[in-house]
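Here is the naming used below: chain letters follow the sequence lines, and residue numbers restart at 1 for every chain. All heavy atoms count here, side chains included; hydrogens, waters and symmetry mates do not.
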Amino acid sequence: MDFSFLDVYKDSFIHGFVTTIEVSVVALILSLILGVIIAIFRISRVKPLEWFGTAYVEFFRNTPLVIQIFFFYFGLPSLGIDLSKFMVASLGLAIYTSSFIAEAVRAGIQSVNKGQMEAARSSGLNYIQTMWHVILPQAFKIIVPPLGNQFINLVKNSSILALIAGGDIMYAADEAAVDYDVIPIYIFVAGLYLLLTIPLSLAVNFIERRWAKQGSR
Amino acid sequence: MVILGPSGSGKSTLLRCINHLEAISDGELSVNGFKVNDKKTDLNKLRQEIGMVFQHFNLYPHKTVLDNITLAPTRVRQIGKKEAEKTAMQYLTKVGIPEKATSYPSQLSGGQQQRVAIARGLAMKPKIMLFDEPTSALDPEMIGEVLDVMRDLAKEGMTMVVVTHEMGFAREVADRVIFMDEGKILEMTKPSDFFENPKNERTKQFLSRILKH
C-alpha cells in the first residue's frame, strides 16, 4: 500500500483532523442544548411551543443534511446573513442532530415516573428547577446509548463539510485524491474517523456502566 | 384530620386538590389564605407551606438521602447548603435514621424510605403536611415505624391531613375524621363519634366491613 500522498498532504490531513474535531465538539455541545430545549417544547402544555417543537423535529430529521448545509451556506448569504464555513458546519450539524436528540430526550423524560414531578413540584420547586434537578438527570441515565449513537453519527456526518470546501478530514482526502491512488487514501481517512469514533463509543459505554452502577447503589 | 372511605371515593383527589396537584374544575378552595382554584395564585408559594408524603415515597433515586431533603430548602428557600444539611440531619434524627444520610434511596427499606420522605417534607417547615396513603405500599411490619413518626408529629401540633386505611391510627390520632364516598363528604366528625356512633348508613356499612377483620 502506497501512503506516499502523506509526504505532500500531511499538513492538510493534520489541519483536517483538527477541524473535524473542532466542528464536532462545538456541534455536539450545541446539539445537546438545542435537543433538550426542543424536547421540553415538545412535551409542553403551551400549544404554540409544542407545535414549534414538533415542526422543528419533523422538518430537520426528515430532510437531508446536505440540503440543510447548502441552505445555510449558499442560501443565507442571499438573505444578508453571511456565516463562516466553520459556523455553517457547526450550526448545521447541531440543528440536524438536535432533532434526533430531542426525540431521545423526550422519550427519556417521559419514562421518568410521574411521581417524581409531583414530589418535586409539591415541595415548591418550579417547573424548570424540577426538570434540571430531578427529571433530566434521571432521563439522561436512561438515554445514554441512543445519545451515544447520535454523537457518533454527528462525527461521521461532519464529513459533509468537504462539500463546501470546509477543510475537514474528508476535504483533505478529496485534495489528495486528485494526484494519488484513492484506495490508500480512503483507508487512511476511515482510520482517522475510527480514531475519533471508537474512543467516543468506549466513553459512552463507560458512562453507561458507571451511571447504571450509581442507580443501583 | 384523617380522610377515610372506600377505594375510588375521591379521598386522594381531595387531598391533591389542596396543593393543586389535581386541578380544581369547579368551586372554591382556600388554603392558608391562598385561593387554590384561582388561576392567578402563585402555586410555588402555596406549595412551599404544604409538605406532601406519597404512597410510593417518590424519593429522588439519583440523590442521596441528604440531598433529597436539602433540594427544596436550598433551591426554593435559598438556604445555604451547610445550614440546610444541619436541618436535614435534625429531621433525619427525628424520624430515627440519621445514619442513612449518605445512602441512596434504593439501599433503604420501604419504611425507611417513607420516613425520609416525611423528613423531606418537614425540612421545608411547612404549615400543613399532607399524607396520601403513606403506609399502603409498605410491608406490614414496617407500617408501625411510619405511623409512630406521624403520631409524634401530630402530638407536636403539626396540622396534618391524612388519607389512610389504618383505622386504629385514625381513631387514636385524629381530631376529626372525614368519611367520603363517590366523591362526596358524607360525614365529618370526631373519631369517637365516627367509630362508635356513625350516623350515615354508608358509614355504618363501611365500618362493619372493615372492623370485622
Side-chain angles (χ1 to χ4, degrees), chain A residues 32 36 39-40 43-50 104-148 204 206-217, chain B residues 12 15-23 42-65 67-78 102-108 113 116-117 119-126 128-132 137:
Chain A
L32 201 54
V36 170
I40 290 174
I43 55 173
S44 169
R45 267 187 247 157
V46 183
K47 284 287 163 199
L49 289 184
E50 190 202 326
V105 173
R106 180 181 63 85
I109 290 173
Q110 287 174 333
S111 69
V112 174
N113 189 308
K114 81 179 199 323
Q116 293 289 312
M117 176 63 90
E118 291 186 345
R121 294 307 302 279
S122 72
S123 73
L125 292 170
N126 64 34
Y127 184 80
I128 308 248
Q129 289 173 322
T130 301
M131 271 293 162
W132 186 253
H133 294 289
V134 177
I135 307 294
L136 285 177
Q138 296 182 58
F140 269 95
K141 217 177 256 188
I142 300 166
I143 61 166
V144 170
L147 224 47
V204 169
F206 175 76
I207 291 171
E208 188 186 351
R209 257 179 289 128
R210 224 187 65 173
W211 281 6
K213 223 187 279 165
Q214 197 185 29
S216 63
R217 245 197 316 202
Chain B
S12 291
L15 191 75
R16 291 159 57 88
C17 280
I18 296 175
N19 65 353
H20 203 276
L21 279 185
E22 208 79 51
D42 184 346
L43 290 177
N44 297 324
K45 276 251 156 54
L46 163 81
R47 286 166 174 163
Q48 287 173 29
E49 311 299 333
I50 308 176
M52 184 154 190
V53 174
F54 298 84
Q55 180 177 357
H56 296 288
F57 331 134
N58 296 353
L59 295 179
Y60 313 132
H62 60 298
K63 288 184 179 294
T64 63
V65 164
D67 290 342
N68 261 275
I69 301 174
T70 57
L71 179 64
T74 52
R75 298 294 159 181
V76 179
R77 293 235 194 268
Q78 311 291 344
T102 55
S103 304
Y104 283 83
S106 59
Q107 295 169 307
L108 306 183
Q113 288 191 47
V116 171
R120 180 174 69 177
L122 292 173
M124 284 294 278
K125 304 200 163 51
I128 313 171
M129 284 286 283
L130 309 178
F131 294 82
D132 190 0

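Applying a 4.5 Å heavy-atom cutoff, the residues of residues 47-54 of chain B that approach chain A are B:Arg47, B:Gln48, B:Ile50, B:Met52, B:Phe54.
Across B:Asn44, B:Asn19, B:Leu46, the residue that shares the most heavy-atom pairs under 4.5 angstrom with chain A is B:Asn44. Among the candidates A:Pro137, A:Ser122, A:Ala120, the residue making the largest number of heavy-atom pairs closer than 4.5 Å to chain B is A:Ser122.
Side-chain atoms of B:Asn68 and B:Pro105, non-hydrogen and from C-beta on, do get closer than 4.5 Å to each other. Between B:His62 and A:Phe140, every side-chain heavy-atom pair lies at or beyond the 4.5 Å cut-off. Between A:Ile109 and A:Val105, the closest side-chain pair of non-hydrogen atoms falls below 4.5 Å.
Contact annotation for A:Gln116: both backbone and side-chain heavy atoms come within less than 4.5 Å of a heavy atom of chain B. For B:Lys45, no part sits under 4.5 Å from any heavy atom of chain A, backbone or side chain.
Atom CD of A:Gln138 and atom CG of A:Asn113 lie 8.5 Å apart (nearest 0.5 Å). Atom CG of B:Leu15 sits about 5.5 Å away from atom CG of B:Asp132, to the nearest 0.5 Å.
The salt bridge (Lys or Arg N to Asp or Glu O under 4.0 Å) test applied to A:Lys114 returns no partner, not counting sequence neighbours.
Note that A:Arg45 lies outside the cation-pi zone of A:Tyr127, set by a 6.0 Å cut-off to the ring centre and a 45° limit from the axis.
With salt bridges taken as basic N to acidic carboxylate O contacts below 4.0 Å, one links A:Glu118 and B:Arg16.
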